[in-house]
Protein chains: 2
Amino acid sequence: MESAEKGATEKPPAPTRPRTRDAEATKARILDAAKREFAKNGLGGARVDVIAEKARANKRMIYHYFESKEGLFQTILENAYVDIRTAEQKLNLDHLAPKEALERLVRFTWDYYLKNPEFITLVNSENLHRAKHLKKSEVVKVYSRKFVSMVATILDRGAAAGVFRPGVDPVQLNITIAAIGYYYLTNRFTGAIVFERDLMAKDALEERLRFNIDTILRLVAA
Amino acid sequence: MESAEKGATEKPPAPTRPRTRDAEATKARILDAAKREFAKNGLGGARVDVIAEKARANKRMIYHYFESKEGLFQTILENAYVDIRTAEQKLNLDHLAPKEALERLVRFTWDYYLKNPEFITLVNSENLHRAKHLKKSEVVKVYSRKFVSMVATILDRGAAAGVFRPGVDPVQLNITIAAIGYYYLTNRFTGAIVFERDLMAKDALEERLRFNIDTILRLVAA
DNA sequence: TCGTTAATGCACTAACTGGTTACTTGTTAT
DNA sequence: ATAACAAGTAACCAGTTAGTGCATTAACGA
């Protein structure tokens, strides 16, 4: 994640280092390739050789940096959670009116899932494995607490202003906001067959987002 | 499974045949074992040898009856869909008042997911594979249409009676009913970490069901 | 300039995996 | 009884798979 060169000893003439060896860059390429491969095939279905090839790195490097296939998966999963929680914090919902804040959160969640489809697949894969990798992560817990309290604050402000009914559990609300977007997208393939619709058409996506915002606002309405 | 003696040499006196060789029983054991193995490890993670062992059948039998690992998966997936759709049809919602019918459907969906956790995992696995197995099934489509029209009827009846607002899309509603139960259960492992709660405790499950019923009724309320 | 350390590459393996070949044995209609 | 067929078995195979041992090479501080 660091970008600057470490040995700023006034020697490196080229600002963009044309290194033949670059640990950070290699690591980053591996992480990127692995994220896509794990998302596409799940932890069990992903192939280490394929990841190495996609990353234009030697397979040996994967074991050098990440110890094992599962170690690599764990890093990627942790990064994925930190990424979404960081993006959520940047929303600055405290400056908005409660209703607008909530609508913005629903919209953000939807857009994030749409733009980062690997997130959903990684989470699915992790749940198939009973969250044994995420369990080891302490960072994720810290970020999660901030996230829950963010929603709790919106609910409190809304209740105080009389626009939301009181007593809504922020955790249940969080789960519901995630659910109505997540389910639609993760099950879009079987859904297309069951409902005989193209669920990913532009207008279908817009309609679903509108429906979801409506669902959440009705749920908390005073 | 079989227990009786084999040497019933005369005319088969028992109508329930105590066969030492029983194609149907073997097939059924394979299906049952495979359902559990696929649900536990996904299509890619499931091992054919393990399925054979669990089913107390020879691996060759799997290929004899189901052609391939994917053929077996397809059969199981199709059965799973037919099972849930059949159970839904038996609910007889047309005899109930619209609100009660909807509540009963939400409750049924929740209970079904709880009692048949393999269903969720199988669907997840199938979506990872872009529904390529389900696509081949015609039965599923027929059953699905009946399911959608069932919900549409409830909505129409409710709107006519003035208890539901008009214009609610039955497909969006169906997706939402499934989503708020499905997401909670499939992501219960990562959810337990993120929200630092035991999501599967008895009272947590009851609370979630109440919340879900409330969500759906508020969504369609006039 | 040189020695140390980190990055990289190649070739290898031991265990698996889905699928098959070749065979034996039970069941049933005649 | 027995031929014909269905049910069942064990051993095996060819291709993969995650993971390693070891040699090589670049970077960099002294």
Side-chain angles (χ1 to χ4, degrees), chain A residues 2 4-14 17-31 33-34 37-38 41-76 129 133, chain B residues 1-2 4-31 33-34 37-38 41-75 129 133:
Chain A
E2 68 206 78
E5 57 274 40
K6 41 152 121 169
T9 21
E10 82 246 53
K11 265 127 218 208
R17 41 186 172 169
R19 298 224 247 145
T20 54
R21 293 186 164 200
D22 190 329
E24 290 307 317
T26 305
K27 229 178 198 169
R29 283 204 316 279
I30 291 173
L31 283 172
E37 172 73 2
F38 281 132
N41 301 310
L43 172 54
R47 298 291 162 242
V48 178
D49 289 281
V50 173
I51 294 173
E53 196 184 2
K54 273 186 184 174
R56 283 167 296 132
N58 190 281
K59 186 166 59 151
R60 196 71 192 75
M61 291 293 93
I62 293 175
Y63 290 93
H64 182 46
Y65 291 125
F66 303 101
E67 196 171 351
S68 66
K69 188 187 183 184
E70 297 213 19
L72 178 57
F73 183 78
Q74 193 180 321
T75 304
I76 279 160
H129 292 88
H133 309 95
Chain B
M1 280 286 166
E2 63 212 84
E5 62 280 31
K6 41 144 101 177
T9 7
E10 313 303 85
K11 305 105 212 190
T16 49
R17 43 188 173 167
R19 298 223 245 148
T20 55
R21 294 188 163 199
D22 190 329
E24 289 307 316
T26 304
K27 228 179 198 168
R29 284 204 317 280
I30 291 173
L31 283 172
E37 173 72 2
F38 281 133
N41 301 310
L43 172 54
R47 298 292 161 242
V48 178
D49 289 280
V50 173
I51 294 172
E53 196 184 5
K54 273 187 184 172
R56 282 166 298 132
N58 190 280
K59 186 166 60 149
R60 195 66 191 82
M61 290 292 94
I62 292 175
Y63 290 91
H64 181 43
Y65 291 125
F66 303 100
E67 197 171 348
S68 65
K69 186 187 183 184
E70 297 213 18
L72 177 56
F73 184 78
Q74 194 179 320
T75 304
H129 295 273
H133 309 94

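A note on names: the letters A, B, ... follow the listed sequences, proteins ahead of strands, and every chain is numbered from 1. Below, all heavy atoms of this structure are taken into account, side chains as well, without hydrogens, waters or symmetry copies.
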Minimum heavy-atom separation for [X] and [Y], please, with both atom names.
X: B:Tyr63; Y: B:Lys69; result: CE2-N, 4.2 Å
X: A:Leu72; Y: A:Ile62; result: CD2-CG2, 3.9 Å
X: A:Ala57; Y: A:Thr26; result: CB-CG2, 4.0 Å

State whether [X] places a side-chain N or O below 4.0 Å from either non-bridging phosphate oxygen (OP1 or OP2) of [N].
X: B:Thr26; N: D:dG8; value: yes
X: B:Arg47; N: C:dC16; value: no
X: A:Tyr65; N: C:dT8; value: yes
X: B:His64; N: D:dA6; value: no

Take atom [atom1] of [X] and atom [atom2] of [N], then tell me their distance rounded to the nearest Å.
X: B:Phe66; N: C:dG18; atom1: CZ; atom2: P; answer: 16 Å
X: A:Leu43; N: D:dT17; atom1: CG; atom2: P; answer: 14 Å
X: A:Tyr63; N: C:dA11; atom1: OH; atom2: P; answer: 19 Å
X: B:Lys27; N: D:dG8; atom1: NZ; atom2: P; answer: 11 Å
X: B:Arg56; N: D:dA10; atom1: CZ; atom2: C1'; answer: 19 Å
X: B:Ile62; N: D:dG8; atom1: CD1; atom2: P; answer: 13 Å
X: A:Asn58; N: C:dA6; atom1: CG; atom2: P; answer: 19 Å
X: A:Asp49; N: C:dC10; atom1: CG; atom2: P; answer: 13 Å

Kindly indicate whether the side chain of [X] and the base of [N] share any N or O donor-acceptor pair separated by less than 3.5 Å?
X: A:Lys69; N: D:dG19; answer: no
X: A:Arg60; N: D:dG21; answer: yes
X: A:Lys59; N: C:dG9; answer: no

Taking the side chain of A:Val48 as its heavy atoms from C-beta onward, which of C:dT8, D:dA18, D:dA7 lies nearest to it?
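Of C:dT8, D:dA18, D:dA7, D:dA18 is nearest to the side chain of A:Val48.
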Sugar-phosphate only, base, or nothing, as touched by B:Ala46 at under 4.0 Å among non-hydrogen atoms:
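The residue B:Ala46 makes sugar-phosphate contact but no base contact.
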Report yes if the side chains of A:Gln74 and A:Phe66 come closer than 4.5 Å at any heavy-atom pair, otherwise no.
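No, their side chains stay 4.5 Å or more apart.
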Hey, what do you get for CE (B:Met61) to CD1 (B:Ile30), rounding to the nearest 0.5 Å?
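One finds 7.5 Å between CE of B:Met61 and CD1 of B:Ile30.
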